[in-house]
Amino acid sequence: MITRESVVHSDEDLKRIAGTIRRDIISMLAAAKSGHSAGPLGMAELLAVLYFHSMLHDPQNPDWDKRDVFYLSNGHTAPVLYAAMARAGYFPVDELQTLRQFGSRLQGHPERLALPGLESTSGPLGSGLSQAAGYAYVLQEIDQVNQRWVYTIMGDGEINEGNVWEAAMFAGKYALGNLIAFIDRNNIQIDGSTEDVMPLRDLRGKWESFDWHVLEIDGNNVRSIIDAIGLAKAVTAKPTMIIANTVPGKGVPFMEYNHRWHGMPPTSEQADIALLALEGATAP
Amino acid sequence: MTAFPLDPRALTNDVSSEPIRAGFGRGLLAAGELDERVVALCADLTDSTQMHLFKDRFPRRFVQVGVAEQNLVTVASGMARAGKIPFTSSYAAFSPGRNWEQFKTTAALNDQPVTIVGSHAGINVGPDGATHQMLEDIALMRVIPNTRVIAPADSIEAEKATRALASDPGPSYIRLARDATPVFTTADSPFEIGKAYVLRSGTDISIITTGTMTYQGLLAAEILADRGLSAEVVHVPTIKPLDEETILNSIRKTRYAATIEEAQIAGGLGSAVAELASLRCPIPIDRFGMKDRFGESGTPAKLLEVFRLTGPQLADDIEQCVRERTAAASLAAPTEVADALAH
Ligand SMILES: Cc1ncc(C[n+]2csc(CCOP(=O)(O)OP(=O)(O)O)c2C)c(N)n1
Ligand SMILES: [Mg+2]
């Protein structure tokens, strides 16, 4: 069982785990020959902190009734979730190589009924925050359970969806203090830069005006993520939005900051180069 | 009956292939050249829905709405009211998957000439999996009054259909596919909104198809001919309004229909044919397509095989259905249907 804020994982450990997750992402995408590269690579620290530090969960007992809950709303970033789950012990690491193949539990977008440990099915964007809010509402307002938190991650392009802002109002209205949401603020979406496609501009101001507690952090820094989650828990009268500034394609120089890597996998040659770069980056 | 020319390589290994959506991209560009009221709106999928051709040529008439499919069709309805002919594109899973009510109210009921272009329909989406494999769209859109539903069979027909929709504007849905599929019609093959076409005549059974499955239906008919079953292939690119006369002419002759679509069989083309037949020519019908289940990840070829939607598998399954029905009919008291099947 992995306990919340376990002493086992130091910041250095978490950085190493993020590096391992990145290498998994590259190798699984190269094997699958389709899928999304940039978003997942940028989110490795977020998933490492959630699955190896902040969330209370038990890979041997995925439906444990004391667990913290995580919704991956931007389902196309499934590779980073699958890698974190495999490394945390939900399923064998070898199984990562079956990503997107016929019969695999690792569907192209996460499917709850296919893989134990998933809270929901996602891929169509914009639905995670509402589901997380629904779960958080039950815990806080109906069952009145303390000390369980509900997390979700959305993409920055994803929040173009109206559904997200419906959820924003809902969570603000009910002051869901047990809801901790992240925006993967990597500034890209499919057709280009987020600020060209549909400008988000003052994200902090937007969420604050919906009665959220808002934090803005370096989303590729494990300590910043851990500290932000701590601050989020300290504010019990509002839901927290953590705007996590990340680098799309992080760790793979030819992918970084380039929206063209949103939905492309590396070829096997590109994967070799990427893996070398990632080894270098996480060498002791 | 209009002759329907097929590419001479259609049923050979030399048949070329191209995604159906590519034809849409060219058709939209051509429609834009012909009529300056044509505008295009996209929800962060400009290249993959093939709107980039239009965008590059007519930047002022292209609108990026971001990942916001509800806004996509409702903005389009407003633009239509202001005199434009909007085409809106995303993946079919999200449009009409997410904005069905907005389309129904502001386009169909409100009679505004908005077209939803649903790209990446069907299981040929492949490894993206069930969330992205739109299989319910024909059923969803077919039940909305004042709405045309079109599923072209290849990229050439998609180009013609797009131009036809632009020159006769009205609330419409056009269904496109991601994967490259055989290009087997020709520049001279007819296309008119609301018309079905007999691609191959036959006397024993009617194979009634739409979209990507028309090609598989032709393959199946070829195989069945070798087995002594003469199949007529009726291609139905316009599922609504349905070309009732062409379909009735065929099934009155053959007294048996097999329908094929890359979509849920509930509510789709097969249902439309069954609704028609039950009123005007009750005959046995077997419906082929997705049989009330979700898709999953896999290569397009693998998934077509798993769901038995390849020509050879369809030939086997249709043959078996026909034989079972013939046997059942000859056991029962003689009826018109049994007679027809037993001939
Ligand atoms: C409802 C819906 N519309 C469209 C898509 C197609 N789509 C997948 S990812 C994406 C862009 C999302 O941008 P962002 O959330 O910033 O992800 P990133 O590119 O950073 O990984 C789009 C439009 C989708 N999956 N769901
Ligand atoms: Mg992004």
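Within every chain, numbering begins at 1; the chains are lettered A, B, ... in the order of the sequence lines, protein sequences first and strands thereafter.
With a 6.0 Å radius and a threshold of 12 heavy atoms from other residues, nucleotides or ligands, Phe102(A) has its CZ atom above the threshold.
With hydrogens and angles disregarded, a donor-acceptor distance shorter than 3.5 Å links the side chain of Gln270(A) to the backbone of Thr267(A). The backbone N or O of Lys250(A) lies less than 3.5 Å from a partner atom in the side chain of Arg22(A), making a donor-acceptor pair.
Residues Leu115(A) and Leu106(A) form a side-chain contact, since some pair of their non-hydrogen atoms from C-beta on lies under 4.5 Å apart.
Taking the ring centroids of Phe170(A) and Tyr174(A), they lie under the 6.0 Å cut-off.
Of the listed residues (Ala43(B), Ala68(B), Cys42(B), Gly97(B)), the greatest number of heavy-atom pairs within a distance under 4.5 Å of chain A belongs to Ala68(B).
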Can you pull every donor-acceptor pair closer than 3.5 Å across chain A and chain B?
{"from": "Arg100(A)", "atom 1": "NH1", "to": "Asp128(B)", "atom 2": "OD1", "distance (Å)": "3.1"}
{"from": "Arg100(A)", "atom 1": "NH2", "to": "Asp128(B)", "atom 2": "OD1", "distance (Å)": "2.7"}
{"from": "Gln107(A)", "atom 1": "OE1", "to": "Ser297(B)", "atom 2": "N", "distance (Å)": "2.8"}
{"from": "Gln107(A)", "atom 1": "OE1", "to": "Ser297(B)", "atom 2": "OG", "distance (Å)": "3.3"}
{"from": "Gly108(A)", "atom 1": "N", "to": "Ser297(B)", "atom 2": "OG", "distance (Å)": "2.8"}
{"from": "His109(A)", "atom 1": "ND1", "to": "Asp128(B)", "atom 2": "O", "distance (Å)": "2.8"}
{"from": "His109(A)", "atom 1": "NE2", "to": "His132(B)", "atom 2": "NE2", "distance (Å)": "3.4"}
{"from": "Leu125(A)", "atom 1": "O", "to": "Arg98(B)", "atom 2": "NH1", "distance (Å)": "2.4"}
{"from": "Leu125(A)", "atom 1": "O", "to": "Arg98(B)", "atom 2": "NH2", "distance (Å)": "3.1"}
{"from": "Asn160(A)", "atom 1": "OD1", "to": "Val67(B)", "atom 2": "N", "distance (Å)": "2.9"}
{"from": "Glu161(A)", "atom 1": "N", "to": "Val67(B)", "atom 2": "O", "distance (Å)": "3.2"}
{"from": "Glu161(A)", "atom 1": "OE1", "to": "Arg98(B)", "atom 2": "NH1", "distance (Å)": "3.2"}
{"from": "Gln189(A)", "atom 1": "NE2", "to": "Asp44(B)", "atom 2": "OD2", "distance (Å)": "2.9"}
{"from": "Ile190(A)", "atom 1": "N", "to": "Asp44(B)", "atom 2": "OD1", "distance (Å)": "3.4"}
{"from": "Ile190(A)", "atom 1": "N", "to": "Asp44(B)", "atom 2": "OD2", "distance (Å)": "3.3"}
{"from": "Asp191(A)", "atom 1": "N", "to": "Asp44(B)", "atom 2": "OD1", "distance (Å)": "2.6"}
{"from": "Asp191(A)", "atom 1": "OD1", "to": "Thr46(B)", "atom 2": "N", "distance (Å)": "3.2"}
{"from": "Asp191(A)", "atom 1": "OD2", "to": "Leu45(B)", "atom 2": "N", "distance (Å)": "3.3"}
{"from": "Asp191(A)", "atom 1": "OD2", "to": "Thr46(B)", "atom 2": "N", "distance (Å)": "3.2"}
{"from": "Asp191(A)", "atom 1": "OD2", "to": "Thr46(B)", "atom 2": "OG1", "distance (Å)": "2.5"}
{"from": "Asp191(A)", "atom 1": "OD2", "to": "Gln64(B)", "atom 2": "NE2", "distance (Å)": "2.8"}

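With sequence neighbours left out, the side chain to side chain donor-acceptor pair (under 3.5 Å) criterion links Tyr90(A) to His57(A).
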